[in-house]
Amino acid sequence: MVHSNLEKDDAINEVIVLISKVFKQALFTCKGKEYHLLSNKSGKVTIIQKEIAASKNDKLTHDREKQYIIRDNTVVPFLVELGVMNINGKVLNDKYDKFKQINRFIEFVDDVVDELDHSKTINIIDFGCGKSYLTFAIHYYLTEVKKYKVNIVGLDLKENVIRECNEVVKKYNMKGICFKVGDIKDYKEKQVDMVVTLHACDTATDYALYNAIRWNAKVILSVPCCQHEVNKQIKATKLDGLTEYGIIKERLSALITDVSRAELLQMNGYKTQLLEFIDMSHTPKNLLIRAIKKDKNINKNKYKKQLSDLKDEFNYEITLEK
């Protein structure tokens, strides 16, 4: 792939060369129109023109700025408080990866927000919230951007982190968000609409998913972290080459763990996807489990068999199934 900025006459000459000698097809997008060029063996070019919807904000440069849900150069109090932005709303250079990660997660929330009942308060639990970048971001997006009523609880084992998060809530008089010290495994709640986990270590993710299923949560967004349980167990029955080498066994174990979780979610009525969370250059822990409660039109026996076949081949147990 090559990107070039050319003057008008140079661009015309370049296109003529490329369409006649290199490519047989080309697609050009302009304001309000799209042109599809087709070249046959004899050199004859056919042009198909199509009207497209134009936006007053359209930019035709290939280096146009990505439009994030949470914007750079816009003061967002919690991002200032957490050291992602300065007091003028400018994202700090060394925090830009974190800024992109936050926005990427909010995009996932935006994709599923219509699955939630907006006519009432939306109850959300963030297990293993840590410094709570995402917890605050979800609160900001749902309350400030979407104007929904929410009740968000961030849960973590670290008392000092929870204390600092609650101080931010108090400082900015945030409504519908609080932080508690607690263990994912033992947490009790009656009704939850969305369960979120970011890098809950090893089997903590399993307990978070288990609670979400038990509460019949409508949406689950989970980014797993280190995964040791399956790695300690797996031994291939026929494909033993996959478990012979340490680094391959480690990566395979992580994949098997998350596939198993996905199969179990499907078996419990959740339409489940395994998605790339953010580019590998920003974090190697980049897989996100997105599950939406559907109940109907899910072939549960299919996923039960797929899980059974995996376990038969690699001889392991997983906490979520237990």
Distance in Å, [X] [atom1] paired with [Y] [atom2], rounded so as to fall on 0.5 Å steps:
| X | Y | atom1 | atom2 | answer |
| --- | --- | --- | --- | --- |
| Thr257 | Glu229 | OG1 | CD | 7.0 Å |
| Leu79 | Met85 | CG | CE | 5.0 Å |
| Asn151 | Cys178 | CG | SG | 6.5 Å |
| Ile69 | Arg104 | CD1 | CZ | 10.0 Å |
| Ile318 | Gln233 | CD1 | CD | 9.0 Å |
| Asp117 | Tyr148 | CG | OH | 10.5 Å |

May I ask you to decide if [Y]'s main-chain N or O and [X]'s side chain share a donor-acceptor pair within less than 3.5 Å?
| X | Y | value |
| --- | --- | --- |
| Thr237 | Asp312 | yes |
| Asp156 | Lys158 | yes |
| His118 | Lys146 | no |
| Lys188 | Asp186 | yes |
| His139 | Val150 | no |
| Asn103 | Ile70 | yes |
| Ser132 | Gly130 | yes |
| Tyr270 | Ala217 | yes |
| Asp202 | His228 | yes |
| Ser308 | Lys304 | no |

Do [X] and [Y] belong together in a cluster built from hydrophobic side chains that touch within less than 4.5 Å?
| X | Y | value |
| --- | --- | --- |
| Leu157 | Val223 | no |
| Ile87 | Val76 | yes |
| Leu255 | Leu307 | no |
| Ile177 | Val161 | no |

Salt bridge or not between [X] and [Y]? Use side-chain N to carboxylate O under 4.0 Å.
| X | Y | value |
| --- | --- | --- |
| Lys120 | Asp193 | yes |
| Glu244 | Lys249 | no |
| Arg290 | Asp111 | yes |
| Lys305 | Glu263 | no |
| Glu321 | Lys311 | yes |

Residue [X] excluded, over 12 heavy atoms near [atom1] under 6.0 Å:
| X | atom1 | value |
| --- | --- | --- |
| Tyr172 | OH | yes |
| Asn93 | CG | no |
| Lys293 | NZ | yes |
| Gln191 | CD | yes |
| Lys170 | NZ | no |
| Arg251 | CZ | no |

Could you work out the complete set of other residues in the hydrophobic cluster of Trp215, with links drawn between I, L, V, M, F, W and Y side chains under 4.5 Å apart? Ile125, Phe127, Val153, Leu155, Ile184, Tyr187, Val192, Val195, Tyr207
Classify the ring geometry between Phe105 and Phe277 as parallel (under 30°), tilted (30 to 60°) or perpendicular (over 60°). perpendicular
Check the orientation of Phe99 and Tyr96. Use parallel for under 30°, tilted for 30 to 60°, and perpendicular for over 60°. tilted
Has Lys98 got its NZ or CZ under 6.0 Å from the middle of the six-membered ring of Tyr133, at an angle within 45 degrees of the ring axis? yes
Using side-chain heavy atoms (C-beta onward) and a distance below 4.5 Å, is [X] in contact with [Y]?
| X | Y | result |
| --- | --- | --- |
| Ile162 | Lys180 | no |
| Ser222 | Leu288 | no |
| Glu81 | Phe136 | no |
| Leu274 | Leu287 | yes |
| Met267 | Asn301 | no |
| Lys300 | Gln266 | no |
| Leu242 | Phe314 | yes |
| Ile138 | Ile106 | yes |

What verdict does the side-chain hydrogen bond (donor to acceptor under 3.5 Å, both in side chains) test give for Thr319 and Asp206, after you've listed the backbone C-alpha separation in whole Å, the side-chain angles of each residue and the deciding distance to 0.1 Å? CA-CA 6 Å; Thr319 292; Asp206 294 288; 4.7 Å; no
For a side-chain hydrogen bond (donor to acceptor under 3.5 Å, both in side chains) check, start with the C-alpha distance between Asp258 and Gln227, then their side-chain angles and the critical distance, and finish with the verdict. CA-CA 9 Å; Asp258 289 328; Gln227 301 176 7; 3.2 Å; yes
With salt bridge (charged side-chain N to carboxylate O under 4.0 Å, His left out) as the criterion, how do Glu107 and Lys100 come out once you've worked through the C-alpha distance, each side chain's angles and the decisive distance to 0.1 Å? CA-CA 10 Å; Glu107 288 174 2; Lys100 292 173 70 174; over 6 Å; no
Can a side-chain donor-acceptor contact be found between Asn166 and Arg163 if the only test is distance below 3.5 angstrom? no
Thr243 and side-chain contact (heavy atoms from CB on, under 4.5 Å): which partner among Asn231, Ile234, Ile248, Asn315? Ile234
